[in-house]
Chemist: 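Handing you a structure now.
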There are 2 protein chains.
Amino acid sequence: MTESRQHPTLATVARAAGVAVSTASLVFAGKGPVSAATKQKVLDAATELGFHGPDPRARSLRNGRSGVVGVVVQTSVISAFRDPVNVGMVDGAAEVLGEAGAGVLLLTDAPHARRVFEDAPMDAAVLTGCSPWATELLGSLRRRRVPTVLVGSRPRRGSPAVDVDNPAASRELAQHLYRLGHRRAATVTLALDTDDAPAVDADRLAAATADTAAERLQAFWDVFPNGRALAATDSTVEEGERIGRMLLDVPEPPTAVVAQSDLLAVGVLRAADALGLAVPDRLSVTGFDGIDTSALDPRPLTTMRQPMQQKGRDAASAVLRMLDGARPRSVLLDCEFVPGATAAPADCAAQHH
Amino acid sequence: MTESRQHPTLATVARAAGVAVSTASLVFAGKGPVSAATKQKVLDAATELGFHGPDPRARSLRNGRSGVVGVVVQTSVISAFRDPVNVGMVDGAAEVLGEAGAGVLLLTDAPHARRVFEDAPMDAAVLTGCSPWATELLGSLRRRRVPTVLVGSRPRRGSPAVDVDNPAASRELAQHLYRLGHRRAATVTLALDTDDAPAVDADRLAAATADTAAERLQAFWDVFPNGRALAATDSTVEEGERIGRMLLDVPEPPTAVVAQSDLLAVGVLRAADALGLAVPDRLSVTGFDGIDTSALDPRPLTTMRQPMQQKGRDAASAVLRMLDGARPRSVLLDCEFVPGATAAPADCAAQHH
DNA sequence: CGATTCGATCGAATCGATTCGACAGTGGTT
DNA sequence: AACCACTGTCGAATCGATTCGATCGAATCG
């Protein structure tokens with residue numbers, strides 16, 4: 001009686017129902033053979049005592065699973081989720097994980113959250129992006145024997161990766177411009193490393209820590225070997241405009257700019273507007289991602305649409321398979337070319353300028 | 001020796017170091033008095049065996065804390081995070097929780113994720129928004145004795161709430177318009193309930209499930225008792241434009257539109273543009289939130305800036321205090337009026353139209 | 001009718017840590 | 001010399017479930 005005000009546990013309920021704890025457990029697990037009468041007795045006792053299912057903590061200790069998958073995004077939540085690509089990815093992952101009964105533990109690589117990262121109960125992890133910390137975080141996860149899937153980088157140390165085929169997609173965009181007659185092209189890359197300086201040369205590419213940015217730049221240079229490349233620090237419209245101005249506000253501006261993300265591309269469009277360069281007449285601009293930019297700019301972007309949510313879904317199912325002991329292979333998803341209206345044949349006047 | 005390939009546990013390490021489990025535990029907890037020599041022995045044994053800290057699952061069972069706080073957003077991640085207000089809130093919460101060593105479990109009120117919601121290990125929860133499910137979810141959390149803080153709704157059933165002072169802020173905006181001479185005003189509300197129909201009357205307001213939308217509408221009607229009100233289904237630019245057209249494409253359009261969010265306000269601006277109504281000369285538009293809309297529209301919005309991240313931070317610290325046994329009071333944050341450039345004195349021509 | 005299954009239930013071990021009370025040794029106080 | 005406070009260490013109980021093997025009565029079979 002003195003325990004009537006305590007947290008009810010399986011033991012409490014079992015006692016009240018006059019059965020063994022193990023039997024009560026069977027009832028809640030829905031397994032084993034339990035007579036209807038006993039089941040009802042247990043359920044009644046549970047309602048009576050206000051017991052609403054077994055404690056997840058105890059359960060997770062016993063079966064070694066917490067039912068939680070960590071999803072690690074770069075830097076802060078706010079800056080990661082400013083980019084619809086990340087949001088789409090997390091959404092896709094949350095969808096699949098949710099259906100499988102697993103929760104999403106949102107983690108960042110921020111230093112002040114390292115304690116959480118190290119201590120958080122998680123059965124598996126999805127590590128997105130390519131921060132300089134990624135390697136370190138991956139190491140920590142491997143030590144803890146947490147199966148990990150990478151998103152947006154190459155497979156490493158036995159962890160499979162889910163990503164789009166960046167080289168193919170980027171080459172397709174560059175070649176599209178090349179076939180339209182463009183010979184003077186430039187590119188705005190995503191962050192390649194922690195360096196804030198925009199100038200990018202072959203050495204910096206070789207030392208880059210961000211696989212995605214590096215692959216896309218390499219593909220660009222495969223098609224335009226002498227194309228100028230400047231690195232943005234973030235995938236935002238503002239950065240796109242800033243770098244765009246640097247590329248376009250010169251005596252002999254390029255006739256085409258390949259931006260490594262749609263947000264950057266919109267920024268380049270703004271820069272072009274400000275400098276009086278008509279798009280696509282005088283300047284062609286391509287993006288990457290295929291997000292909805294209609295709210296940002298009326299001109300539909302020429303871009304590659306990448307399946308963001310699918311990336312999240314695939315990463316999630318890979319991670320779930322790893323929990324079942326499988327060793328899933330890396331996944332390379334295809335992008336889809338979106339013609340848009342920001343790329344056109346190279347303007348003769350501009351070429352002969 | 002046969003256990004050399006097993007998961008190392010505290011017990012394994014203790015045995016290898018020749019000390020008791022309890023002593024080894026002291027070492028990792030950094031508590032109790034342990035001699036430097038013993039400490040080193042344990043640490044060495046741990047490195048040797050590849051033991052990297054105690055298992056969070058076991059720890060959480062023992063001390064009844066998992067170090068995880070659930071953050072519940074409405075519907076899917078992708079639609080919740082389309083709104084910068086939610087992102088800012090989650091970011092603020094993640095920041096405070098991270099510093100306190102707690103993880104963020106991202107949950108949705110989606111039906112297919114109910115199992116996760118019920119079973120997830122969490123010590124406390126932050127419940128955002130006012131979906132029709134909120135009451136039910138709150139009930140479930142209370143049964144599980146999970147301390148909960150609400151964001152964006154009124155305090156309920158002993159759960160404190162963190163929110164901005166919607167009545168005051170909304171009244172301030174409406175009065176601003178009134179003082180500018182506007183007498184024919186209309187409003188675009190956020191979703192009031194699950195009904196998709198735009199028309200809103202006093203009865204619907206009385207039955208509304210979304211506190212925020214209801215409070216803002218009430219304040220609007222306090223100032224403009226006969227103002228027309230239409231409800232959006234989402235806080236998006238598209239919805240703003242759709243409802244904006246319904247409000248403005250009539251014989252005698254209002255001279256001012258109060259939108260309940262900045263995204264809706266930008267949509268109204270678009271609708272005004274499309275109908276040839278100059279802003280702010282012929283039409284004044286106000287928003288709410290104070291997000292950065294520069295990428296969406298060059299005209300700085302007249303709006304109320306709400307401290308989104310602060311909401312998240314306050315909710316997080318309230319929840320942490322509840323974990324310490326306190327019963328924190330609800331928090332009402334102030335908004336800041338942003339003059340912007342989309343509200344101007346009522347145009348005489350329009351008034352006399 | 002005795003032997004065999006099968007279904008329902010129970011007891012006890014286990015998951016991996018935390019923590020409290022006990023205990024031995026050490027140095028200082030009167 | 002007897003006593004005390006304190007430090008460092010240990011053993012054992014505990015958190016709340018899951019699960020395996022054992023048990024026992026009843027139904028089935030030859």
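On a predicted model such as this, the values are computed, not experimentally measured, just so you know. Quick note on labels: first sequence line is chain A, next is B, and so on, each numbered from 1.
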Chemist: If every non-hydrogen atom of Pro155(B) is compared with every non-hydrogen atom of Ala161(B), which pair is closest and at what distance?
Modeler: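 Scanning both residues, the minimum pair turns out to be N-CB, 3.6 Å.
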Chemist: How many angstroms lie between CG in Leu106(A) and CG in Leu106(B), if you round to the nearest 0.5 Å?
Modeler: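 Here the interatomic distance stands at 5.5 Å.
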Chemist: Please report, to 0.1 Å, the donor-acceptor pairs under 3.5 Å made by any side chain of residues 84-92 of chain B, with sequence neighbours excluded.
Modeler:
unit_1	atom_1	unit_2	atom_2	d
Asn86(B)	ND2	Ala80(B)	O	2.9
Asp91(B)	OD1	Val77(A)	N	3.2
Asp91(B)	OD1	Ile78(A)	N	2.9
Asp91(B)	OD2	Gln309(B)	NE2	2.9

Chemist: For the helix from dC1(C)-dG30(D) to dT30(C)-dA1(D), how many degrees between its two end axes (five pairs per end), to the nearest 10°?
Modeler: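 Comparing the first five pairs with the last five, the axes sit 50° apart.
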Chemist: For the pair made of CZ in Arg15(A) and P in dG11(C), what is the distance, rounded to whole Å?
Modeler: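 Atom-to-atom, Arg15(A) to dG11(C), this comes out as 13 Å.
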Chemist: Does Arg313(B) reach the side chain of Glu95(B), with side-chain heavy atoms less than 4.5 Å apart?
Modeler: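 A side-chain contact exists here, since the closest heavy-atom pair is under 4.5 Å.
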Chemist: Looking only at atom types and distance, does a side-chain atom of Thr47(B) sit under 3.5 Å from a main-chain N or O of Leu43(B), one as donor and one as acceptor?
Modeler: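 Side chain of Thr47(B) to backbone of Leu43(B): a pair is present.
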Chemist: Decide yes or no for Asp163(B) and Thr212(B): does some side-chain heavy atom of the first lie under 4.5 Å from some side-chain heavy atom of the second?
Modeler: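 In contact.
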Chemist: If the sugar-phosphate is the primed atoms plus P, OP1 and OP2 and the base is the rest, what is the B/S/- string for nucleotides 12-18 of chain C, using protein heavy atoms under 4.0 Å?
Modeler: -BBBBBB
Chemist: Should the ring pair Phe51(A) and Phe28(A) be called parallel, tilted or perpendicular, given that the plane angle runs from 0 to 90° and is split at 30 and 60?
Modeler: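 The arrangement is perpendicular - the two ring planes meet at more than 60°.
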Chemist: Apply the test side chain to side chain contact (heavy atoms under 4.5 Å, CB included) to residues Leu107(B) and Val73(B): give CA-CA distance (whole Å), side-chain angles for both, the deciding distance (0.1 Å), then the verdict.
Modeler: CA-CA 6 Å; Leu107(B) 298 166; Val73(B) 299; over 6 Å; no
